[in-house]
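A quick write-up on the structure given underneath.
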Amino acid sequence: MSSGVLQFLAVLSGVVAAVATVAAVLWAVWSYKRNAASQVQLLALGALQHYLDLAVTHPDLASPDDSRPVDARYAWFAAHALVTAQTLWTLVGRDPTWLRSVDSIIRQHGPYLRSGAFVCGDFSPEFLAYLRSRVPGLRCADTADGRTPS
């Protein structure tokens, strides 16, 4: 073989190695993103399943009628439900399918959110803004210093 052919083969093997390296890196990034998205979906599903298990255990608290008083048991359950809603909203809230689940949880506890027993400070400001957009008349509980948060 001539030296020109050998030089061409050396350059070609370097190009092939570089292309293979770039392809491997792109594949790794794609796989990482796909796996991360799957993990987020699994976390959201686990949170929703835990809430639904709790709802099955306490059906009287899971589907209250509008006249249900806000006693300690119901406040506990509603707070848990809203933490689940915030978790889902944070993890997968940009997905319309998941957003329907979040909105369903919020709707079930609308009377609680309007009762003044809801502790707004326990939730992120962004989620609180979302709640306010979904529940007209949302009222926050008084804080320890006597002020009612806005």
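Sequence positions, counted from 1, serve as the residue numbers for this chain.
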Q: Heavy atoms only: give me the nearest Ala55-Ala62 pair and the separation to one decimal.
A: CB-CB, 3.6 Å

**Q.** Donor-acceptor pair, side chain of Gln86 and main chain of Phe127, under 3.5 angstrom
**A.** no

Q) With a 4.5 Å heavy-atom cut-off, do His58 and Arg73 have their side chains touching? A) yes

Q: Indicate yes or no: at least one non-hydrogen side-chain atom of Val70 is less than 4.5 angstrom from one of Phe118.
A: no

Q. Which distance, rounded to the nearest 0.5 Å, do you find between the OG of Ser2 and the CD of Gln7?
A. 8.5 Å

Q. So, for Ala85 and Ile105, which heavy atoms are closest and what is the spacing to 0.1 Å?
A. CB-CG2, 3.9 Å

**Q.** Distance in Å, Ser38 OG paired with Leu43 CG, rounded so as to fall on 0.5 Å steps
**A.** 11.0 Å

**Q.** CG-CD distance between Leu42 and Gln49, expressed to the nearest 0.5 angstrom
**A.** 9.5 Å

Q: Work out which heavy atom in Cys140 is nearest to a heavy atom in Arg132; give both atom names and the distance.
A: SG-NH2, 3.6 Å

**Q.** Tyr74 and Tyr112 aromatic ring geometry - parallel, tilted or perpendicular at 30°/60° bounds
**A.** perpendicular

Q: State, yes or no, whether a side-chain contact exists between Cys120 and Leu131 at a heavy-atom distance under 4.5 Å.
A: no

Q | Pairwise side-chain contact, Val5 with Leu9, heavy-atom cut-off 4.5 Å (strictly under) | A | yes

Q) Does some side-chain heavy atom of Ser101 sit less than 4.5 Å from a side-chain heavy atom of Leu48? A) yes

Q) For Asp103, which of Trp98, Tyr130, Trp89 qualifies under side-chain hydrogen bond (donor to acceptor under 3.5 Å, both in side chains)? A) Tyr130

Q.
For Ser115 versus Ala117, what's the shortest heavy-atom pair and its separation?
A. OG-N, 3.1 Å

Q: Look only at the side chain of Thr84 and the backbone of His80, and say whether a donor-acceptor pair between them is shorter than 3.5 Å.
A: yes

(Q) Tell me the closest heavy-atom pair linking Val92 and Ala44, and the distance in Å. (A) CG2-CB, 3.7 Å

**Q.** Side chain Arg114, main chain Arg139, donor-acceptor under 3.5 Å
**A.** no

Q) Any side-chain heavy atom of Leu82 sitting closer than 4.5 Å to one from Leu113? A) yes

Q.
Could you tell me if the side chain of Tyr51 sits less than 4.5 Å from the side chain of Phe77, heavy atoms only?
A. yes

**Q.** Least distance between heavy atoms, Ala141 atom then Val119 atom
**A.** CB-CG2, 4.1 Å

Q: Could you grab the distance from atom CG of Leu128 to atom CG of Leu138, nearest 0.5 Å is fine?
A: 6.5 Å

Q) Stepwise, does the side chain to side chain contact (heavy atoms under 4.5 Å, CB included) test hold for Leu99 with Asp95? A) CA-CA 6 Å; Leu99 204 51; Asp95 180 337; over 6 Å; no

Q: Dump the intermediate steps for side chain to side chain contact (heavy atoms under 4.5 Å, CB included) on Leu52 and Val56, then the final yes or no.
A: CA-CA 6 Å; Leu52 293 174; Val56 167; 5.5 Å; no

